[in-house]
S.K.: 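Following this message is one structure expressed as structure tokens.
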Amino acid sequence: MTSTDFPNFKTHFIGLFQQASNAIRSLEAAVVDIELTRTKQASHGDYSCNLAMQLAKPLHKSPREIAQLLVNALPPSPYLEKVEVAGAGFINLFLKNSAKQQFLHYILHSKNTFGNCTLGQGKRIQVEFVSANPTGPLHVGHGRGAAIGASLSNILAAAGFDVSREFYVNDAGRQMDILTLSTWLRYLELNHIHIPFPQNAYQGEYVKTMAQQIFQAHAQRYVHQPELLLDSSPEAVLAAEMNIDEQLDKLIANTKKILGQDYAYIHNFVLTEQLGDCRNDLMEFGVEFDTWFSEQSLFDNGLVAHAIELLEKKHHLYQQDGATWFRSTDFGDEKDRVVQRENGQFTYFASDIAYHLNKFERGFDQVINIWGADHHGYIPRVKGALHALDLDAEKLQIALVQFAVLYRNGKKAPMSTRSGEFVTLRELRQEVGKDAARFFYVMRKSDQHLDFDMDLAKSQSNENPVYYVQYAHARVCSVLTQWDGNVDDLQDVNADILSSPAELALLQKLIDFPDTLEMAAKEFSPHLIAFYLRELASEFHSYYNSTRFLVPEISLQHARLALIASIRQTLSNGLLLLDVSAPDKM
RNA sequence: GUGCCCGUAGCUCAAUCGGAUAGAGCACCAGCCUUCUAAGCUGGGGGUUACAGGUUCGAUUCCUGUCGGGCACGCCA
């Protein structure tokens, strides 16, 4: 065994149990997949297997009896100190101290690849996240999706997937038209033309800023004939009887008519402006994308029409009330869905079908969508469309992220979007910092509601878990700096001396890191990394306070330094997965 | 009204997809710096896992019901 080629204990032991159960003829039929879990108590050893209890029922034998059979048939392992049958029929495995100690060599040789695994086998996986409408600044709700998506992408990459990060740009819809209208109205105001600003248009200050930019660059170039906006057409006369959304659509239609070719200029300007802002915001948040995929391009390239044609050919469409419907009820949806409206316009769902078809055609082995929980009702129709197109809908996995509720000064902060009254992601970053925000966002399971406490996240004290972890890293750095040696010289140090309970527990904790990462990748659960880091930091801080590292005895000193250097490496690797910095000093 | 998610310490949340005595942080109380960073450590009190049944060797986890909360139910995106 070379120090750079260390086994994963868990999979190694599962293999042993596999062999053992294969060797026992009476078990053959019953054996399912073998699970190995880490124990919570030291008296139960390091790993525990419940296979015997699972087999008890089908075999009509007592669990302890089966457990003993398995233990007897278990091949020898150089890493095992002892094996015990305990409790109702658990098989407990005790690792040799030497196995734990030598693991340090593996960590110090692996360096920044420690924890990585080959779970993904190079498979191409796409993660689509954020995908916010480019109609205004990102708010704290988007921040959660961004943090989880980015961290998950990093985790999947470390787990051996070929990850592609994608942002779907909704640049084709009505929301963009509303933003265009809103900006033009503000621009007219700058030209002293005051038209009542609709309450359901975009109220935010950033709209005025964009209008200002257009005004400064082009003065009155885009004023045209605003009086036509509220023309005396029959529709306008009936305005009082239109609801506010119909009024808005009327204003948009008139604006397009008035501006003609110039509408596209303004539309494009606001889109570019918002997208650039969004990209910049996310970059400063540590989130970057490989692809920004335009919804409009699906229309321009005829992919939407193509996708609908395909559905038509496969007889999944029908006409009713002048519209074209997709029979999604055939695939478990609760009602059929319109793909093409009476007026000939495709719906958002239609472009989404084309988008997902396109994702599949790009040849990804797996596609993950990270969606806000409010989209859960949307899943059956998208999966249904994939089924209808004879695609393997299993390749698409949707990870729902629950809303974040922001608390400020102990009170719930408002988050309404149209009104412009919301806390932006940028403000959050400025108030609490990137690291604290990123860590806080992934401190919860993503499918749980999140209470984001600004005051807690902001406090530079032990209340904020991110500093606790970073502090552990900085402390190790400080010790190693004072030692003034080369960490690489510790790679093959004799670690046998590390035999105190605290040291062995720390070693086991380090051994857990690759398993934690693999689990986080399998379950799409970045929060596991955050929890792991806090636990590791906790054990380190405790060790730090109880033990001196820079002791006179060189062999002991080097062994302990190797241990804390390994801890530092693991903390650093883990923090990197979350795009949180690992500072040398604090 | 229908569907999905959720309910765990005073608060915010875990619990390796059914495992052994349900764990952390915050808050509260009592201690620890002339020695590697006190943004730290040590100890303490805190629970009928919303409630009532059921399934089995074993339930916070699975099933049913009740109560309470969130979200979704457009020819919006």
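Proteins get letters first, then strands, A, B, ... in listed order; numbering begins at 1 in each.
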S.K.: Is C33(B) syn or anti, taking syn as a glycosidic angle within 90° of 0?
M.R.: syn
S.K.: Can you identify which nucleotide, out of C75(B), A15(B), U16(B), has its nearest atom closest to the K445(A) side chain?
M.R.: A15(B)
S.K.: When you compare C73(B) with C28(B), how far apart are their C1' atoms, in angstrom units rounded to a whole number?
M.R.: 46 Å
S.K.: Taking any strand in view, what nucleotide pairs with G40(B) in a Watson-Crick or G-U wobble way, both distances under 3.5 Å?
M.R.: C32(B)
S.K.: Are H44(A) and the base of A20(B) stacked, counting only ring centres nearer than 5.5 Å and planes tilted under 30°?
M.R.: yes
S.K.: Under 3.5 Å, is there an N or O donor on one side and an acceptor on the other linking the side chain of N92(A) and the base of A20(B)?
M.R.: yes
S.K.: Measure CH2/W371(A) against P/A72(B) and give the value in whole Å, please.
M.R.: 15 Å
S.K.: Could you give the CZ-to-C1' distance, from F513(A) to U16(B), as a whole number of Å?
M.R.: 16 Å
S.K.: Could you walk me through whether D333(A) and K383(A) pass the salt bridge (Lys or Arg N to Asp or Glu O under 4.0 Å) check?
M.R.: CA-CA 9 Å; D333(A) 200 4; K383(A) 290 229 177 200; over 6 Å; no
S.K.: Less than 6.0 Å separating the ring centroids of F17(A) and Y47(A)?
M.R.: no
S.K.: Can you tell me, in whole Å, how much space there is between the P of G3(B) and that of G74(B)?
M.R.: 16 Å
S.K.: Is any NZ, NE, NH1 or NH2 atom of the basic residue among E503(A) and R560(A) found under 4.0 Å from an Asp or Glu carboxylate oxygen of the other?
M.R.: yes
S.K.: Using a strict cut-off of less than 4.0 Å between a Lys/Arg side-chain nitrogen and an Asp/Glu carboxylate oxygen, indicate whether D249(A) and R174(A) qualify as a salt bridge.
M.R.: yes
S.K.: Base, sugar-phosphate, or nothing: which does S542(A) touch, judged by heavy atoms less than 4.0 Å apart?
M.R.: sugar-phosphate
S.K.: Looking at C36(B), A14(B), G19(B), which one has an atom nearest to any side-chain atom of F531(A)?
M.R.: A14(B)
S.K.: Output yes when at least one side-chain N/O atom of K40(A) is less than 4.0 Å from OP1 or OP2 of A20(B), else no.
M.R.: yes
S.K.: Can you confirm whether the side chains of S151(A) and R438(A) place a donor and an acceptor under 3.5 Å from each other?
M.R.: yes
S.K.: Write down the distance separating the C1' atoms in C13(B) and G47(B), rounded off to the nearest Å.
M.R.: 15 Å
S.K.: Among C17(B), G40(B), U37(B), find the nucleotide with the atom closest to the side chain of V479(A).
M.R.: U37(B)
S.K.: Would you mind classifying the nucleic acid contact of E342(A) as base, sugar-phosphate or nothing, using non-hydrogen atoms under 4.0 angstrom?
M.R.: base
S.K.: Among G25(B), G19(B), U37(B), find the nucleotide with the atom closest to the side chain of R534(A).
M.R.: G25(B)
S.K.: Check if the side chain of S48(A) and the base of A20(B) share a donor-acceptor pair of N or O atoms closer than 3.5 Å.
M.R.: yes
S.K.: From A38(B), U16(B), C75(B), pick the nucleotide closest to the side chain of D321(A)?
M.R.: C75(B)
S.K.: Among C75(B), C36(B), C41(B), which nucleotide has an atom closest to any side-chain atom of R548(A)?
M.R.: C36(B)
